[in-house]
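Scroll down for the structure; my scribbles are underneath it.
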Amino acid sequence: MVRKFFVGGNWKCNGTSEEVKKIVSTLNAGEVPSQDVVEVVVSPPFVFLPLVKSSLKPDFHVAAQNCWVKKGGAFTGEVSADMLVNLGIPWVILGHSERRLILNESNEFVGDKVAYALSQGLKVIACVGETLEQRESGSTMDVVAAQTKAIAERVSNWTNVVLAYEPVWAIGTGKVATPAKAQEVHSELRKWLQVNTSPEIAATTRIIYGGSVNGANCKELAAQPDVDGFLVGGASLKPEFIDIIKSSEFRTIRSEALFGESLSLSLSSICSLDFLFYRLSHAEEQNNGSLLVRNIPLNCRPEELRVPFERFGVVRDVYLPKDYYTGEPRGFAFVQFVDPYEAADAQYHMNGQTFAGREISVVVAAETRKRPEEMRQRTRVSGSSGSGGRRSSYYGRSRSRSVSRSPHYPSGSRSRHRSRSYSPAPRRRADYSISPNRRHADHPRSSRDPPQERDDGHSRRSYSAGYGNIADQNQNGNGYDEKSAYESDEARARWSRRQGQDGGRGQQCRLLCNHMGRYQYVLVKLKTVETWEESLGTSCRVKKNGTRDKGKCISFEKDTDATLPPESEELEEPEWIDFDETAEEDVC
Ligand SMILES: O=C[C@H](O)COP(=O)(O)O
């Protein structure tokens, strides 16, 4: 059975009547998937329940944030389940950690409340979750199991229960659980239900996640197979709640529920049976999640191309290669999906479609963009003397990443390129710097700097061989050869070597980081990241709305107009980051 996605908005103790009206009108205007796809329930404070219920569009429902443990009576300040039913309020949130921790509600008390509310006909969002101390002591599952057990002991029919896993350390802190961490607990909770209630309850009960969910992180969380929705606090008061509701389109459903196959499908794709058969019949086809999209307009921006592809899944990266010398777009792009199956889905549906008035072709790219260690390996294989023992630091937080004072120059097959190392850089040097004020101080020109003018035509032809005529280039027809993986690898390498020669340590560079689909430039010191290869894919900290979060470095350089989506304008100022402090397991 397919569990319908559930998105709850917990407004907590916030809002005036004017603010509430504004939120409701935003919700009513939002274009969201139908009720067949997602169930939306907002939970204003008690006093606004009638107002919200009467003004909210009928697709959305309301929940109270609490109710008394039994029938009403002499319980000053309490609101009973019977009263909620009387007002036509269908849902109630119970056991929220703020009540468990601040008002000392015990597991048993919460269990009693859930049982009574259900008995009165209310549907219940029952919250469980561990504190930071409990997580750090390794007792996460013990804690959530005990909380769930107190409910299971009192409830036999789970039809009207949604279980909300809300790690306390993630609530209101901006520290969202990584999709993997959320999935892990959700999966364990489901197993617990299977063992301690019934397989049917385990299979049908929705387990939703809560804790710093926002418009940027919701898609990747929604794609986790055991995450059936969200309970959203802060972001439910903002327009981005609409985006969170829309993330229901990115959910993943394990297909064993459909066909007994070990295959995960996005909701959008299961609507297409022809694609399902196509997918099953191409299951063995090599697919790294990377698609090559041809015949896009030269003025296309990554965020524009991203939109139609995101309908099929979480897009990690959209990369529009440019001519090395002219900096001009080449008319094709690489769209990298997190999930190869979603990439296959997109390839199937997007190939031959019209995009910006042109018929695009979409093929599976043979290779993903190279990771640093792969690039180093490639250098060694090609006969390079290598980097003198410098270790790859992709994901690894090796201390050896510190700047080498003697930059290593690849040789062997790369020497051809190195001989042109002073040929024109494809882009303005100024683009590398962070701000006009710091530009000269941080990147003083050196005699080793590349000149600003173009090289001769011979060099251009040679250098762009991998792209000169993409239709003719690649034997496998996907236009994705070693060089195409990073058109400007050589330029980046030169640039990073230059930095070392120019003083290295203490200088700064700028990285474009992608955090779950949103982008931000961040600054790094060269003492912690030396080269493009070392920075690519590395987890980096981004600062948004005053809180730190993790992103992934996807670009080492500028071209702001071409690669930085408009969302960046909403983000906070970039901050200094230290790669050595980032956590490996949190790499997106
Ligand atoms: O009920 C909602 C949770 O407490 C999450 O709140 P938050 O999204 O502000 O972290």
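Both ligands and their constituent atoms are indexed starting at 1 by order of listing.
Under the side-chain hydrogen bond (donor to acceptor under 3.5 Å, both in side chains) criterion, Ser137 pairs with Ser139, sequence neighbours left out. Considering only residues two or more places apart in sequence or on other chains, Glu133 meets the salt bridge (Lys or Arg N to Asp or Glu O under 4.0 Å) condition with none of them.
Atom NZ of Lys4 is surrounded by more than 12 heavy atoms from other residues, nucleotides or ligands within 6.0 Å. The neighbour count for Glu200 CD, taken as heavy atoms of other residues, nucleotides or ligands under 6.0 Å away, does not exceed 12.
Note: Phe75 and Trp68 have tilted aromatic rings, judged against thresholds of 30 and 60 degrees for the angle between ring planes.
Protein residues are said to neighbour a ligand when one of their heavy atoms lies under 4.0 Å from it; for ligand 1 these are Asn10, Lys12, His96, Glu166, Ala170, Ile171, Gly172, Gly211, Ser212, Leu231, Val232, Gly233, Gly234.
A ring pair (Phe, Tyr, Trp, His ring centres under 6.0 Å) check over residues 148-174, counting only residues at least two apart or in different chains, returns the pairs Tyr165-His186.
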